[in-house]
Asks: 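Handing you a structure now.
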Amino acid sequence: MLEKIQKPNDVKKIPAEDLPALAEEIRSFIIESLGKTGGHLASNLGVVELTIALHRVFHLPEDKLIWDVGHQSYTHKILTGRREGFDTLRKEGGLSGFPKRSESDCDVFDTGHSSTSISAGVGYVKARDLKKENYSVVSIIGDGALTGGMAYEAMNNAAGLKSNFIIVLNDNEMSITENVGGISTYLSGLRTASAYTDLKMDVTRALNKIPGIGPGMVDAMRKTKSSIKQIIIPGMFFEDMGITYLGPVDGHSIPQLIKILQEAKRYEGPILVHVLTQKGRGYEPAVRHPARFHGAGPYDVKTGLPLSKSNPSYTDIFSTVMRKMGDRDKNVVAVTAAMLTGVGLKRFSNMFPERCFDVGIAEEHAVTFAAAMALGGMKPVVAIYSSFLQRAYDQMMHDVCMQNLHVVFAIDRAGLVGADGETHHGIFDLSYLGTMPNMTVMAPKNLWELSDMIKFAVNYDGPIAIRYPRGEAYTGMEEFRAPIEKGKSELIFQGNQIALLAVGNMVKTAENVRELLKAHLNIDATLINARFVKPFDLEQINALPRDHVLLVTLEENVKTGGFGEQVLSYVAGENLPLQVEIAALPDEFIPHGSVTYQLKLSGMDAESIALRVEEHYRRLEQNGE
């Protein structure tokens, strides 16, 4: 049946009795495809029937489907005619793993971060009504994303709408890992309330049939705060916010889904449809290990095991050291935002459950919560992906740095992240961290240095951040492991004429650049591991003009506001007789693909950097400098 779906709305031509078979065909296709390419498996397997029902009830692209986060949009892509592109999923030039407006008119909002869909939906509804247009707007949000505060800001705003707006709550009882907090507990209660839901629907239908007074009674019941409302309306929380609640409904029953969505479509005002789904449905390994199959690499379809084995990642090193630090210091606590496994805190949580806090998708809360724990005498380590930490800029600035509190920020996925693309790159952190008074910023060159930096940071006094990349940890340069001193760099190779000052994982790249410069210019360049981005080593820079004419900074961060610009500003301000070449990422959103591809595309691979340095040095020679 998949052959019959070549463009949007083709699913409407499939006979209703064949839709369950279509769902299984889609599941098989996704499982087989992702076995080769990798991708977000568990979340997509859970929404196959829901997506089919949405595409049957609504007409795309005229109607707007807004997927929160968007990593569950694969069936949506298939049903809008993009099945042929799945062999290129998350590869350079291929399909994105998230909705992309540039990819299809049926993708109406670029997503990738959590808890944004209701806000976007309200915006579309307001625009529709102001322009007096006629189309449906549906925001699909997961129960994990519903732990994010932005969703409630949007629902509060949505309550004032007088025209149709549909929120579909995809409830699979977890985000990437198990959900936490009051919202999770509340939804657990609703999942058992199907009998009450049936009663609500029956009572509402019966009253509406009473001529004259029935609809008025229904409206009065919706508005009353009396105890009968608790019985008839299980979605009391949403109803009290001014949003009508329907459900819960079986998210794997296409007829039930179509029926409730058609009812929601007719409603005047904001309405929430509560759908119960199973993450990983149809593939036993993903059902048993949904966190492992949240974002999986290529795997053996029969066993679910990854096709390639990798060396320890920086996240693995962080995990090991945090467990040890938890043993040594009872004041060490860990905080994360719905990424317990992703950031490597699962072992710490197992060993010290009372000192590990997963606050849900709430980065702002995580940082302020940690600030107060620091004031209470604890040593909080906040572990969050670089891209997601952007959400907590104000809390880091105002609640941590302004009070000069000892909070450690373990910033995972810093730099380019590969297949997840623009929304997940951590290429702005050095720029925004550099704006914060009292903040100290570090970056390790290899796995041993990350270990040393975590220990240094935990025993530091004040705001401090360590940023490290995704993927395998570099194991080279083991012999270079000088003690860490605040603001001091590490001299790895002493040379002359050209000095390479590299941040974090760019030390490895700088090593290759140095070899290329030796081959092309016959120059032994100096190689310095910056270690500290803020404060950086002024003494080392002041000494360079004695033997060098060109200083090259290397960082996997955008150029604007980054390490290189800070160094250039210092060199210019001090009138040092030293030219500066900045090797940094362009101020652009870099598309998905392999990290190797992204570095080359950005001119940040060793060959591209070496070529620029050679050109700069030859210009200096020509000018007699």
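Worth knowing before you read on, the calculation uses all heavy atoms, side chains too, and leaves out hydrogens, waters and symmetry mates.
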Asks: For the backbone of I140 and the side chain of D68, can you confirm whether one donor and one acceptor N or O come within less than 3.5 Å of each other?
Replies: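 Not at all, since once roles are kept as given, no pair shorter than 3.5 Å links the two residues.
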
Asks: Give every residue pair that meets the ring pair (Phe, Tyr, Trp, His ring centres under 6.0 Å) criterion with at least one member in residues 575-617, sequence neighbours excluded.
Replies: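 Listed by first then second residue: nothing to list.
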
Asks: Compare all side-chain heavy atoms of T560 with those of S431 and state whether any distance is below 4.5 angstrom.
Replies: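 A side-chain contact is absent here, since even the closest heavy-atom pair is not under 4.5 Å.
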
Asks: Once side-chain hydrogen bond (donor to acceptor under 3.5 Å, both in side chains) is applied, what residue pairs with a partner in residues 85-102 remain, sequence neighbours excluded?
Replies: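 Qualifying pairs: R90-D420.
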
Asks: Can you check whether P591's main-chain N or O pairs, donor with acceptor, with Q598's side chain at less than 3.5 Å?
Replies: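 Yes, Q598 side chain to P591 backbone: donor-acceptor pair under 3.5 Å.
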
Asks: Indicate yes or no: at least one non-hydrogen side-chain atom of D358 is less than 4.5 angstrom from one of L345.
Replies: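 Side-chain contact under 4.5 Å: no.
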
Asks: Taking the ring centre of each residue, are Y124 and F109 less than 6.0 Å apart?
Replies: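 No, too far apart.
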
Asks: Are any of the side-chain nitrogens in R531 or E485 under 4.0 Å away from the carboxylate oxygens of its partner?
Replies: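 No, R531 and E485 are not salt-bridged.
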
Asks: Report yes if some heavy atom in the side chain of D107 is under 4.5 Å from a heavy atom in the side chain of H76; otherwise report no.
Replies: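 Result yes, sub-4.5 Å side-chain heavy-atom pair found.
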
Asks: Any donor-acceptor pair under 3.5 Å linking the side chain of N44 with the backbone of S73?
Replies: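 The answer is yes, because a donor-acceptor pair under 3.5 Å joins these two groups.
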
Asks: How about D105: does its CG atom have over 12 heavy atoms from other parts shown lying under 6.0 Å from it?
Replies: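 Not more than 12 within 6.0 Å, no.
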
Asks: Show every ring pair (Phe, Tyr, Trp, His ring centres under 6.0 Å) that has at least one partner inside residues 487-509, sequence neighbours left out.
Replies: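 For residues 487-509, and leaving out neighbouring residues, the ring pair (Phe, Tyr, Trp, His ring centres under 6.0 Å) pairs sorted by first residue read F480-F493.
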
Asks: Answer yes or no: is there a donor N or O on one side and an acceptor on the other, between the side chain of S139 and the main chain of S117, under 3.5 Å?
Replies: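 Present.
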
Asks: Quick check: do L416 and I590 have side-chain heavy atoms less than 4.5 Å from each other?
Replies: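 Contact flag for L416/I590 side chains = yes.
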
